[in-house]
Trainee: 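Below: one structure in structure tokens.
Bear in mind the structure is a predicted one, so any value in this text is a computation, not a measurement.
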Amino acid sequence: MEQKNENIFFIILISCIATIGGFLFGFDSGVINGTVDGLAEAFQSDSVATGFNVASMLLGCALGAFSAGQLADKYGRRKLLIISAFLFIISAWGSGVATTSYQFIFFRIVGGLAVGAASVLTPAYISEIAPARLRGMLSSVQQVAIISGLFSAFVSNYILAKYAGSSTEILWMNFEAWRWMFWIELLPAILFFVALLFIPESPRYLVISKQSGAASTVLMKLYGKNIAKTKLDEIQSSLAIDGHQPKLKDLVDNKTKKIRTIVWVGIGLATFQQLVGINIVFYYGAVLWQAVGFSEGDALFINIISGAMSIAACVVAMLLIDKVGRKPLLFFGSIGMAAMLSAMVLAFYSASVNAQGVLDLGEMGILALISANAYVFFFNLSWGPVMWVMLGEMFPNQIRGSGLAVSGLAQWGANFVVTMAFPVMLASIGLAATYGFYAFFAVLSIVFVIKYVNETNGKELEEMEAVYV
């Protein structure tokens with residue numbers, strides 16, 4: 001009876017609008033992949049400076065995730081998403097017009113604020129409007145959108161670079177191709193901004209902000225009049241235990257005076273997702289494959305293959321997550337990633353350096369290519385979507401914003417460290433040792449999942465308080 005009253009089309013529609021933020025998250029993260037050569041030439045930067053140009057966005061991401069998680073409890077999920085859409089527009093325009101590294105870094109940090117905010121607010125918003133039995137699937141659309149954004153950026157970069165001759169050549173209106181790679185993002189950013197004007201606020205935020213009438217109206221649109229009151233009562237009851245506006249200090253248990261276990265688990269999930277090295281493939285994919293002998297054009301095409309594999313894996317995860325659960329997918333993915341990263345280490349370790357100073361994989365090139373794409377597949381079948389789903393749903397109503405803020409800060413902080421360290425590690429210890437580092441953390445993630453992760457599949461958000469007691 002409850003399912004018959006659900007306005008499932010409306011729920012799916014507003015979930016899809018929210019996930020445009022995920023698409024922009026992916027596009028903004030992936031577009032840098034094809035612009036590294038252009039940035040180095042335009043700004044005359046060395047490997048360290050180029051690494052910071054690439055990684056600078058992540059500083060904004062960390063700040064955006066931390067700030068948005070808290071501000072969303074004060075001003076609402078929808079308002080913060082609208083602000084993030086505006087920042088996406090500013091960043092896309094500014095990154096393309098930048099004439100110095102300082103200007104470019106500024107606009108990339110602005111984009112990072114948008115990405116960070118969208119990364120935590122989109123899964124939180126979807127979790128708060130979706131019914132429990134569909135929450136995993138609808139929240140997983142976020143990762144499909146992220147990977148679709150990455151894939152679109154890879155395709156766009158490839159086409160623009162191929163049409164111009166290379167990313168550093170003039171394309172249209174006397175501007176280089178790499179600048180147009182950023183400007184393409186204006187189209188989805190403007191669409192996101194406009195579409196957000198037509199979605200409702202999260203009913204759980206409305207209850208938190210003492211707008212029960214508005215919350216009831218939204219719940220009726222989502223679930224029908226018959227069960228809107230029941231849902232409203234459940235939300236109010238879950239918040240009545242603390243009886244105050246959510247604050248960062250709520251992350252500390254009143255009895256033990258220690259940070260709640262669930263917060264450490266959230267930080268662990270967020271950090272491990274980055275320490276396995278996935279964003280090195282996303283941000284430096286073209287550089288990586290050029291380092292092992294492929295041309296710029298071939299390297300950008302390999303990125304497209306990786307993007308397609310990622311989308312396929314996310315779709316599989318979306319279909320399975322509400323059936324098999326979150327923990328089994330994480331466990332299976334960790335094992336797969338550890339195996340594939342180890343295979344890549346073997347391939348890179350066996351390589352030699354030719355007369356031109358290029359890493360020659362020889363017969364191991366096929367192993368490296370297959371292992372890299374299989375690694376991406378395992379990640380997007382598991383940690384890619386599941387981490388965001390769990391962060392969006394695992395925290396009780398009272399601490400969801402603060403929990404997401406801290407976890408998002410950890411996620412993007414780890415992302416920054418890993419991304420910034422890659423060029424230095426590549427130059428100093430080589431690809432084999434660098435990927436050995438990622439393989440080590442993939443193995444550790446198996447232990448983490450077994451020992452610390454509890455299942456949240458099928459539980460109402462108002463039941464999450466008991467999951468990590």
Side-chain angles (χ1 to χ4, degrees), residues 18-19 21-22 24-26 28-29 55-81 83-85 87-88 91 108-128 139-140 142-143 145-146 149 202 204-205 246-251 259-260 262-276 278-279 282 383-419 453 456 461 464:
T19 56
L24 287 163
F25 168 179
D28 209 60
S29 299
S56 58
M57 180 190 79
L58 304 178
L59 294 175
C61 291
L63 179 60
F66 183 74
S67 302
Q70 296 185 82
L71 292 174
D73 281 338
K74 188 173 183 180
Y75 299 108
R77 282 60 163 148
R78 178 176 172 270
K79 287 180 182 177
L80 267 294
L81 282 171
I83 291 173
S84 74
L87 295 178
F88 274 123
S91 175
R108 287 301 284 168
I109 290 176
V110 169
L113 292 172
V115 170
S119 72
V120 297
L121 293 177
T122 297
Y125 179 83
I126 293 173
S127 291
E128 293 183 346
S139 296
S140 296
Q142 159 83 343
Q143 185 68 12
I146 292 172
S202 159
R204 287 170 174 84
Y205 162 73
K247 298 178 181 177
L248 194 62
K249 68 179 183 180
D250 292 331
L251 299 181
I259 295 176
R260 300 188 191 197
I262 195 172
V263 177
W264 290 117
V265 175
I267 291 173
L269 285 167
T271 305
F272 270 113
Q273 195 211 43
Q274 294 305 307
L275 292 177
V276 297
I278 188 62
N279 280 319
F282 289 160
W383 283 82
V386 176
M387 188 278 288
W388 291 116
V389 170
M390 291 199 71
L391 289 187
E393 70 183 6
M394 67 187 285
F395 296 108
N397 286 328
Q398 186 68 29
I399 66 168
R400 184 164 300 116
S402 298
L404 280 166
V406 172
S407 299
L409 177 65
Q411 201 266 353
W412 290 110
N415 192 332
F416 175 79
V417 172
V418 171
T419 304
V453 175
T456 53
L461 296 184
M464 292 300 170

Trainee: Where do I262 and F395 come nearest, in terms of heavy atoms and distance?
Mentor: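 Scanning both residues, the minimum pair turns out to be O-CE2, 3.8 Å.
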Trainee: Rounded to the nearest 0.5 Å, how far does CZ of R77 lie from CG of L71?
Mentor: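 Answer rounded to 0.5 Å: 11.0 Å.
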Trainee: Yes or no on side-chain contact (heavy atoms from CB on, under 4.5 Å) for L391 and V120, after CA distance, side-chain angles and deciding distance?
Mentor: CA-CA 8 Å; L391 289 187; V120 297; over 6 Å; no
Trainee: Would you give the length of the straight line joining atom CD of Q274 to atom CG of N415, rounded to the nearest 0.5 angstrom?
Mentor: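 Result: 4.0 Å between the selected atoms.
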Trainee: Going by heavy atoms in the side chains, are W388 and I146 under 4.5 Å from each other?
Mentor: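 With C-beta onward as the side chain, the pair touches.
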Trainee: So how far is it from I109 CD1 to L87 CG, rounded to the nearest 0.5 Å?
Mentor: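 Those atoms lie 12.5 Å apart.
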Trainee: Start with the C-alpha gap between F272 and M387, add the side-chain angles, then the distance that decides, and say whether side-chain contact (heavy atoms from CB on, under 4.5 Å) holds.
Mentor: CA-CA 10 Å; F272 270 113; M387 188 278 288; over 6 Å; no
Trainee: How many angstroms lie between CZ in F66 and OG in S407, if you round to the nearest 0.5 Å?
Mentor: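 Between atom CZ of F66 and atom OG of S407 there are 11.0 Å.
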Trainee: From L404 CG over to L409 CG, what is the distance, rounded to the nearest 0.5 angstrom?
Mentor: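 Separation between the atoms: 12.0 Å.
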Trainee: Measure from the side-chain N and O atoms of T122 to the backbone N and O of A18, and report whether any donor-acceptor pair falls under 3.5 Å.
Mentor: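 Checking the backbone N and O of A18 against the side chain of T122, a donor-acceptor pair under 3.5 Å is found.
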Trainee: Can you measure from OG (S67) to CG (L113) and round to the nearest 0.5 angstrom?
Mentor: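 Taking OG in S67 and CG in L113, the distance rounds to 7.5 Å.
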Trainee: Sequence neighbours left out, what passes side chain to side chain donor-acceptor pair (under 3.5 Å) with S119? Give chain and number order.
Mentor: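 With sequence neighbours excluded, S119 shows a side chain to side chain donor-acceptor pair (under 3.5 Å) to W412, given in chain and number order.
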Trainee: Grab the two heavy atoms, one from A118 and one from L81, that are nearest each other, plus how far apart they are.
Mentor: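 Reported closest heavy-atom pair: CA-CD2, 4.4 Å.
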Trainee: Determine the minimum heavy-atom distance between Q273 and I278, stating which atoms define it.
Mentor: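 Looking at all heavy atoms of both residues, the closest pair is O-CG2, 3.6 Å.
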